[in-house]
Structures are given as structure tokens and as C-alpha cells.
Amino acid sequence: MTDADLIDAARGAAAHSYSPYSQFAVGAALLFADGSVVTGTNIENASYGLALCAETVAVSKAMADGVRGGLVKVAVTGPTDDPITPCGRCRQVLNELAQLGGTDPQILCVGASEVRRVTLSTLLPDAFGPASLS
């Protein structure tokens, strides 16, 4: 799967966003070592603190299907010209899944005309994860 394909999957997920309060539709697509892709979109709630980010939804879907590791790449898209990055909570959620498989996935932070590529460890240095508890 190409980066463009993964970005298209994230944009497709964003089309299903439930974001009536912010109007900020976000999509995420997770690529795994076996070639599978899991997508998620943000889901807002009238009680703002209960909103779910696209990356968290995608990780939850993957883990609910029994996926434990193998995360190699993530694309995150939003409605802005500038590339967006996962929020702090999402970085931690992505890190949990990545550490289960011993990976440091590339994160594609996508804007309207620019894609910024960074590793998860760059976005979340010295991360706390499963290995921290042993």
C-alpha cells in the first residue's frame, strides 16, 4: 500500500466524522505489517470531554478485532491546510499498540498540500508503555 492509498483511506474515514460542534472532521488509517488497514474517525459528544479522536477509534477497532502489534504506519488527516498531528492522548494510545509489536511506526501528518512524516518516537519521546510496567 502506498502512502497515497493510506492517506485516501484516512480521508475516506473523515467523511464519516460526527463533528457537529467543532466542524473539524479528522480521519485516521492504521497500516499493519500484514497489509491490513483499520480506519477511524472522530466522534464528538455534547459532553465535550467524552469525544473520541480518530486515532483512538481506529486503535480501539483494531484491538477489538484481536490485533496486538504490527503497526507500521499511520495517516492522520484533517480539514486544515497545515498538517495535523495526533494529540497527546492519541500518541499514547498509538504507542501502546506499537510497543506490543515492538514497532516505531511512521506517522503521516496530512494537510491539504503537505505531508509531514515523523516517527511516533519523535512525537512521543521517552514514552511510557507496557514495558515500563515490568
Side-chain angles (χ1 to χ4, degrees):
M1 168 167 284
T2 68
D3 287 358
D5 292 335
L6 192 64
I7 291 167
D8 285 346
R11 286 185 173 140
H16 299 289
S17 171
Y18 177 72
S19 49
Y21 309 109
S22 71
Q23 303 301 310
F24 197 88
V26 178
L30 314 178
L31 175 63
F32 293 90
D34 66 1
S36 64
V37 174
V38 177
T39 62
T41 190
N42 57 324
I43 302 167
E44 294 181 348
N45 190 284
S47 177
Y48 297 137
L50 298 179
L52 299 171
C53 297
E55 302 92 324
T56 299
V57 169
V59 168
S60 298
K61 285 170 59 177
M63 292 189 81
D65 287 342
V67 177
R68 301 290 188 270
L71 182 62
V72 295
K73 197 174 286 190
V74 177
V76 182
T77 66
T80 61
D81 288 336
D82 295 327
I84 66 168
T85 63
C87 72
R89 177 178 180 242
C90 288
R91 293 173 192 198
Q92 183 64 41
V93 170
L94 289 165
N95 177 68
E96 181 83 12
L97 183 57
Q99 279 196 13
L100 290 175
T103 62
D104 186 13
Q106 183 180 64
I107 311 296
L108 307 178
C109 305
V110 181
S113 60
E114 179 186 354
V115 177
R116 193 170 113 204
R117 291 167 174 81
V118 296
T119 59
L120 181 58
S121 64
T122 299
L123 291 175
L124 188 65
D126 303 316
F128 182 88
S132 303
L133 296 174
S134 51

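Atoms considered below: every heavy atom in the structure, side chains included; atoms not considered: hydrogens, waters and symmetry mates.
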Quiz item: Y21 and L50: same hydrophobic cluster, using ILVMFWY side-chain contacts below 4.5 Å?
Solution: no

Quiz item: Quick one: does L133's side chain get under 4.5 Å of F128's, heavy atoms only?
Solution: yes

Exercise. Taking T103 for its side chain and L71 for its backbone only, find out whether a donor-acceptor pair lies under 3.5 Å.
Key: yes

Quiz item: Is a side-chain N or O of D34 found less than 3.5 angstrom from the main chain of S36, in a donor-acceptor match?
Solution: yes

Quiz item: Please, which pairs that meet salt bridge (charged side-chain N to carboxylate O under 4.0 Å, His left out) have at least one residue in residues 77-95, sequence neighbours excluded?
Solution: none

Exercise. Taking the side chain as every heavy atom from C-beta outward, state whether T39 and H16 have any pair of such atoms under 4.5 Å apart.
Key: no

Quiz item: Do V76 and T85 touch side chain to side chain, with heavy atoms closer than 4.5 Å?
Solution: no

Self-check item: Flag, side chain of R68 to backbone of M63, donor-acceptor distance under 3.5 Å
Solution: yes

Quiz item: Between L94 and V74, which heavy-atom pair has the shortest distance, and what is it?
Solution: CD2-CG2, 4.0 Å

Exercise. Verify the cluster assignment for Y18 and I84: are they in a single hydrophobic cluster under the rule of side-chain heavy atoms below 4.5 Å apart?
Key: no

Self-check item: Spatial distance of atom CD (Q23) from atom CD (E44) [nearest 0.5 Å]
Solution: 7.5 Å

Quiz item: Got V93 and E55 here, is their nearest side-chain heavy-atom distance under 4.5 Å?
Solution: no

Quiz item: When rounded to the nearest 0.5 angstrom, what is the spacing between CD in Q106 and CG in D3?
Solution: 6.0 Å

Quiz prompt | Side-chain donor or acceptor of N42 paired with backbone N/O of F24 under 3.5 Å | solution = yes

Quiz item: What's the shortest heavy-atom distance between A13 and G40, and which atoms?
Solution: CB-O, 3.4 Å

Quiz item: Measuring from L120:CG to L97:CG, what's the distance to the nearest 0.5 Å?
Solution: 10.0 Å

Quiz item: Which value, rounded to the nearest 0.5 Å, describes the distance between L52 atom CG and N45 atom CG?
Solution: 8.0 Å

Exercise. Give the C-alpha distance, both sets of side-chain angles, the deciding distance and a yes or no for side chain to side chain contact (heavy atoms under 4.5 Å, CB included) between R11 and V110.
Key: CA-CA 10 Å; R11 286 185 173 140; V110 181; 3.4 Å; yes

Practice problem: Give the cluster check for I107 versus V67: same hydrophobic cluster or not, with ILVMFWY residues linked at side-chain heavy-atom distances below 4.5 Å. | Solution: yes

Quiz prompt | Closest non-hydrogen atom pair between P83 and C109, with its separation | solution = CB-O, 3.2 Å

Quiz item: Applying the 4.5 Å side-chain criterion to the ILVMFWY set and letting contacts propagate, would I7 and V72 be lumped into a single cluster?
Solution: yes

Quiz item: Judged by atom type as modelled, is there a donor-acceptor pair below 3.5 Å linking the side chain of T41 to the main-chain atoms of A54?
Solution: no

Quiz prompt | Gap between atom SG of C90 and atom CG of L123 - 0.5 Å precision | solution = 11.5 Å

Quiz item: For the residue pair N95 and G129, what are the closest heavy atoms and their distance?
Solution: ND2-CA, 4.0 Å

Exercise. Go through the steps to decide whether S22 and S19 satisfy the test side chain to side chain donor-acceptor pair (under 3.5 Å), and finish with yes or no.
Key: CA-CA 6 Å; S22 71; S19 49; 4.8 Å; no

Quiz item: What's the shortest heavy-atom distance between A25 and A14, and which atoms?
Solution: CB-O, 3.7 Å

Quiz prompt | Taking every non-hydrogen atom, the tightest pair across C87 and C53 | solution = SG-SG, 3.9 Å

Quiz prompt | Linked, directly or transitively: V115 and V118 (ILVMFWY side chains, under 4.5 Å) | solution = no

